[in-house]
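What follows is a short report on a single structure.
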Protein chains: 2
Amino acid sequence: MDVPQPTINRLPRYLFCLEQFTGDSSTISSSELARLADETAATVRKDLSYLGSHGTRGIGYDVNTLRSQIRGKLGLDQSRDIVIVGAGHLGSALATYEGFDEGDLRVVGIYDISPAVIGTRVGDMTVRHVDVMQSDLASRRCLLGIVAVPTGSAQDAADRLVAAGVCGILSFAPTLLRVPRSVFVRHIDLATELNSLSYYVNARRNAL
Amino acid sequence: MDVPQPTINRLPRYLFCLEQFTGDSSTISSSELARLADETAATVRKDLSYLGSHGTRGIGYDVNTLRSQIRGKLGLDQSRDIVIVGAGHLGSALATYEGFDEGDLRVVGIYDISPAVIGTRVGDMTVRHVDVMQSDLASRRCLLGIVAVPTGSAQDAADRLVAAGVCGILSFAPTLLRVPRSVFVRHIDLATELNSLSYYVNARRNAL
DNA sequence: TAGATTGTTAATCGATTAACAATC
DNA sequence: TAGATTGTTAATCGATTAACAATC
């Protein structure tokens, strides 16, 4: 890996800040971006230098150029198709998530196993049975899959996604998924997120 | 901060793995936990040494003891009350999230502004109007709040949570929230998570 | 005892930061 | 030119890791 891991992890946050950024000018200085992203100016400059260093001395970085450079480095210039397994509240929330609109992420299908929801509409899609997922997706390459089912069904959902040819899975189920080494799994555990928040709240209160 | 930041960030993952762990024995070695958590055995031992080092040489760590030590260090032994603003799909999913059951996180209220959902049941709660949130919560101390509303309402939701006395906020809205310095904000941007997943999938495929 | 595994030291490795020449 | 800000070096800082004595 050419670019250091910490830099890669910060780039999405810089991008997020740049998308929020609505300054008077079309440029932003390393110190201003640092303030928004809660980093130091030196760290920002070092990180951005991995993109090829296209700032202007005395001026700063062009916001639009910087945005597309970060997007390019993160591979966001190529659009990504996403399938969701689980059409409950969480799956429905993800399927209609407004944040995807700006990016090149596109939800192309939502699947469930329950007759009660199959055939219902979620956003502009119709929920289909997981049994037809593999054939639905036969022609698509390297999709991302989202596991939004109860814990007990999570491994089955992951197995089906793998069979359907996804190469990355984002799981919200609080359980470890077993997948082939070629499939990358990312895990969001909401309880862990809240636990972590709770810890930092305590630490901050003790520090103040 | 006594315990290093990287250690703090890994503890929730260790805890997660220990909760999944169902070995023959009631003990786990540093190398086994390392395998589950995708770390090295030395890192695990160093991290656990910050808890007070209660492993047994030649044997390993008692799983139950270790779990409660980590929970203690993260402050999870004290239960936490959570309020949710936004009773759409995301808010409903969070309100009924099964992962909270095991821990000491408890959702005590869910609020919305839309007459269409106010009064409806979510799990074992009734959705109430955000206008009554502050008085509802007057007697509770240091709650955690979750922002699960559309981007346009996120700042208003945060303001109301702050007024109601929360000391930490977990936001799912893809926008920066302005809050007093005394309130800690944690941010989950689903688009960023998927972008990040996408990057690592690419990196992995290029490496294989 | 012999085997296993911890707890901890010291060495290595890598990331952050200060500082400043380059230059817009 | 004077002021501002980058790009990059070198120093500092901190985290990871190897290694091994301690000991169950």
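Just so we're on the same page: letters track the sequence lines, and every chain starts at 1.
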[atom1] of [X] versus [atom2] of [N]: gap in Å, rounded?
X	N	atom1	atom2	answer
B:Q5	C:dG14	CD	P	21 Å
B:R10	D:dG14	CZ	P	16 Å
A:L11	C:dA15	CG	C1'	15 Å
B:N9	C:dA15	CG	P	16 Å
B:L66	C:dT5	CG	P	16 Å
A:I28	D:dA4	CD1	P	18 Å
A:Q69	D:dT6	CD	C1'	14 Å
A:D62	D:dT5	CG	P	15 Å

Look at the side-chain N and O atoms of B:Y61 and state whether any lies under 4.0 Å from the OP1 or OP2 oxygen of C:dG7.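 Yes, within the criterion.
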When you measure from the side-chain N and O atoms of A:S29 to the phosphate of D:dT5, is any distance below 4.0 Å, counting only OP1 and OP2? no
For the residue pair B:R186 / A:S196, report whether a side-chain donor-acceptor contact shorter than 3.5 Å exists. yes
State whether a side-chain donor-acceptor pair under 3.5 Å links A:Y111 with A:D136.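 Side chains of A:Y111 and A:D136: pair found under 3.5 Å.
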ring-ring contact (aromatic ring centres under 6.0 Å, His included) with B:F172: which residues, sequence neighbours excluded?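 Applying ring-ring contact (aromatic ring centres under 6.0 Å, His included) to B:F172 gives none.
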Among all residues two or more places apart in sequence or in another chain, which pass the ring-ring contact (aromatic ring centres under 6.0 Å, His included) test with B:F184? A:Y200
Who are the salt bridge (charged side-chain N to carboxylate O under 4.0 Å, His left out) partners of B:R57, not counting sequence neighbours?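 For B:R57, no residue satisfies salt bridge (charged side-chain N to carboxylate O under 4.0 Å, His left out) once neighbours in sequence are set aside.
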With sequence neighbours excluded, residues passing disulfide (SG to SG under 2.5 Å) with B:C167: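 Disulfide (SG to SG under 2.5 Å) check on B:C167 returns B:C142.
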Could you pull out all residues at least two apart from A:D189 that satisfy side chain to side chain contact (heavy atoms under 4.5 Å, CB included)? A:P174, A:H187, A:A191, A:T192, B:F16, B:Y97
With sequence neighbours excluded, tell me which residues meet side chain to side chain contact (heavy atoms under 4.5 Å, CB included) with B:K73. B:V3, B:L11, B:L51
Just the dot-bracket of DNA chain D, please: which string comes out with Watson-Crick or G-U pairs under 3.5 Å, [ ] for crossing, | for another strand? ..||||||||||||||||||||||
Which pairs pass salt bridge (charged side-chain N to carboxylate O under 4.0 Å, His left out) with one or both residues in residues 162-179 of chain A, sequence neighbours excluded?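 Qualifying pairs: none.
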Write out all pairs satisfying side-chain hydrogen bond (donor to acceptor under 3.5 Å, both in side chains) with one or both partners inside residues 161-177 of chain B, taking only residues at least two apart or from two chains.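 Residue pairs with at least one partner in residues 161-177 of chain B: A:Q20-B:T175.
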Base, sugar-phosphate, or nothing for B:S30, non-hydrogen atoms under 4.0 angstrom? sugar-phosphate
Quick one, which residues of residues 41-52 of chain B touch DNA chain C with a heavy atom under 4.0 Å? B:R45, B:K46
Selection residues 59-89 of chain A - residue pairs positive for ring pair (Phe, Tyr, Trp, His ring centres under 6.0 Å), sequence neighbours left out: A:H89-B:H89
What does the list of N/O pairs under 3.5 Å between the protein and nucleotides 21-24 of chain D look like, with a distance for each?
residue : atom : partner : partner atom : Å
D:dA22  : N3   : B:R57   : NH1          : 2.9
D:dC24  : O4'  : B:R57   : O            : 3.3
D:dC24  : O2   : B:R57   : O            : 3.3

